[in-house]
Colleague: 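My questions all concern the structure below.
In this chain, residues are counted from 1 in sequence order.
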Amino acid sequence: AGALAMPSAALAAILTGVVRTEGAVAIGNVDIDFIDQCSGDNVFLASDHTAADGTFSITIAAGTYDVHFIPPAGSTVCAGDFQDFVVAGNASLGTVTLHPGRLVSGAVLTPSLGPAANIDLKWVNVGTSQRVFLSKTLTDALGHYATRVPSGTWNIDFRPAATTRR
């Protein structure tokens with residue numbers, strides 16, 4: 001039988017912080033995901049949600065990540081992220097502020113007007129040409145999507161999800 005390889009304690013770091021709204025209200029149950037820059041994989045973490053008071057303490061291997069903060073369903077704030085975040089040792093991320101967003105929803109159809117499932121929506125800020133991380137950006141089986149988007153003007157790039165590309 002194979003052995004489970006665990007990262008050395010010397011290569012792991014503890015990251016702490018708190019997630020709040022612009023009005024300084026704590027946001028509980030925020031899902032915090034670390035996307036490895038080398039592999040593009042979402043790193044599995046056993047305790048990756050904020051507590052009811054918005055605090056978090058996460059142990060993660062050293063490396064460079066995109067860190068995603070995904071509010072719970074029904075929240076009126078947008079997801080947020082830190083791009084190219086380097087983990088080299090224990091650190092406090094301080095207060096992570098998630099901003100209010102407008103609910104944008106719709107449906108994506110195929111050329112034959114059938115539902116387009118598993119389409120990945122990439123939101124690009126028209127003013128900056130920067131892609132912005134938003135949660136829930138895949139269409140469902142009926143081609144529907146709904147996500148919170150910050151105020152502004154956006155272009156939406158519709159792409160087949162990575163698992164559906166050939």
Colleague: What pair of heavy atoms forms the shortest contact from Asp84 to Gln37, and how long is it?
Modeller: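 Of all heavy-atom pairs spanning Asp84 and Gln37, the closest is OD1-NE2, 3.4 Å.
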Colleague: Check whether any side-chain heavy atom of Phe85 lies under 4.5 Å from a side-chain heavy atom of Ile60, and answer yes or no.
Modeller: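 Of all side-chain heavy-atom pairs linking Ile60 with Phe85, none is under 4.5 Å.
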Colleague: How many angstroms lie between atom CG of Asp120 and atom CZ of Arg159, to the nearest 0.5 angstrom?
Modeller: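 Between atom CG of Asp120 and atom CZ of Arg159 there are 7.5 Å.
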Colleague: Heavy atoms only: give me the nearest Gly143-Pro115 pair and the separation to one decimal.
Modeller: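 For Gly143 versus Pro115, the nearest heavy atoms are N-CB, 3.9 Å.
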Colleague: Does the Thr50 side chain pair with the main chain of Ile27, one donor and one acceptor, at a distance under 3.5 Å?
Modeller: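 Side chain of Thr50 to backbone of Ile27, a donor-acceptor pair under 3.5 Å: yes, one is there.
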Colleague: If only atom types and distance count, is the side chain of Asp41 paired as donor or acceptor with the main-chain N or O of Val43 below 3.5 Å?
Modeller: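 Not at all, since once roles are kept as given, no pair shorter than 3.5 Å links the two residues.
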Colleague: Got Trp154 and Val132 here, is their nearest side-chain heavy-atom distance under 4.5 Å?
Modeller: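 Side-chain contact under 4.5 Å: yes.
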Colleague: Would you say that Trp123 contacts Val149 through its side chain, given a criterion of any heavy-atom pair below 4.5 Å between the two side chains?
Modeller: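 Result yes, sub-4.5 Å side-chain heavy-atom pair found.
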Colleague: Do the side chain of Asp81 and the main chain of Gln83 share a donor and acceptor less than 3.5 angstrom apart?
Modeller: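 Not a single qualifying donor-acceptor pair exists.
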Colleague: Out of curiosity, does Val77 fall in the hydrophobic cluster containing Leu93 (side-chain heavy atoms, cut-off under 4.5 Å, transitive links)?
Modeller: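 As far as the 4.5 Å side-chain criterion goes, Val77 and Leu93 are connected within one cluster.
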Colleague: Measuring only between side-chain heavy atoms, which start at C-beta, is Phe34 closer than 4.5 Å to Val67?
Modeller: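 Yes. Closest side-chain heavy atoms under 4.5 Å.
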Colleague: For a quick test of reading the model, state the closest non-hydrogen atom pair linking Pro72 to Gly28 and the distance between them.
Modeller: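 Of all heavy-atom pairs spanning Pro72 and Gly28, the closest is CG-O, 3.6 Å.
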Colleague: Using the ring centroid of each side chain, check whether Phe69 and Phe82 are separated by less than 6.0 Å.
Modeller: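 Ring-ring flag for Phe69/Phe82: true, centres closer than 6.0 Å.
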Colleague: Say you draw a straight line from CD1 of Ile156 to OH of Tyr145; how long is it, rounded to the nearest 0.5 Å?
Modeller: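 Rounded to the nearest 0.5 Å, the CD1-OH separation comes to 4.5 Å.
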Colleague: Let me have the donor-acceptor pairs involving side chains of residues 106-114, under 3.5 Å, with sequence neighbours excluded, atom names and distances please.
Modeller:
{"residue": "Thr110", "atom": "OG1", "partner": "Ser112", "partner atom": "N", "Å": "3.4"}
{"residue": "Thr110", "atom": "OG1", "partner": "Ser112", "partner atom": "OG", "Å": "3.1"}
{"residue": "Thr110", "atom": "OG1", "partner": "Gly114", "partner atom": "N", "Å": "3.0"}
{"residue": "Thr110", "atom": "OG1", "partner": "Gly114", "partner atom": "O", "Å": "3.4"}

Colleague: Calculate, to the nearest 0.5 Å, the distance between atoms OG1 and CG belonging to Thr21 and Leu98 respectively.
Modeller: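 These two atoms lie 8.5 Å from each other.
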Colleague: Considering all heavy atoms of both residues, which atom of Ser135 and which atom of Ala79 are nearest to each other, and what is their separation?
Modeller: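 Nearest pair, atom of Ser135 first, then Ala79: N-CB, 3.8 Å.
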Colleague: Does Asp33 offer a backbone N or O that forms a donor-acceptor pair with the side chain of Asp48 under 3.5 Å?
Modeller: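 Absent.
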Colleague: Could you check whether any side-chain heavy atom of Val18 comes within less than 4.5 Å of a side-chain heavy atom of Phe56, counting everything from C-beta outward?
Modeller: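 Not touching, per the 4.5 Å side-chain cut-off.
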Colleague: How long is the straight-line distance from CZ of Phe158 back to OG1 of Thr137, given to the nearest 0.5 Å?
Modeller: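 It comes to 11.0 Å.
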Colleague: How long is the straight-line distance from CG of Leu134 back to CD1 of Ile70, given to the nearest 0.5 Å?
Modeller: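 Reported to 0.5 Å precision, the distance equals 10.5 Å.
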Colleague: Which heavy-atom pair separates Gly54 from Ala26 by the least distance, and what is that distance?
Modeller: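 That would be N-CB, 3.9 Å.
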Colleague: Do Thr64 and Cys38 come close enough that some side-chain heavy atom pair is under 4.5 Å?
Modeller: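 No, side chains not in contact.
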Colleague: Consider only side-chain N and O atoms of Arg102 and Ser151, and report whether a donor and an acceptor are under 3.5 Å apart.
Modeller: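 Judged by distance alone, the side chains do pair up.
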Colleague: Hydrophobic clusters here meaning ILVMFWY residues chained together by side-chain heavy-atom distances under 4.5 Å, can you tell me if Leu45 and Val96 are in one?
Modeller: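 Yes; Val96 is reachable from Leu45 via cluster members.
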Colleague: Looking at CD1 of Ile32 and NE2 of His49, how far apart are the two atoms once the value is rounded to the nearest 0.5 Å?
Modeller: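 Output value for this atom pair is 8.5 Å.
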Colleague: Are Val104 and Leu121 grouped together when hydrophobic residues (ILVMFWY) are joined by side-chain heavy atoms under 4.5 angstrom apart?
Modeller: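 In one cluster: yes.
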Colleague: Can you find a pair of side-chain heavy atoms, one from Thr97 and one from Glu22, that are under 4.5 Å apart?
Modeller: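 The answer is yes, as the side chains (C-beta and beyond) meet within the 4.5 Å cut-off.
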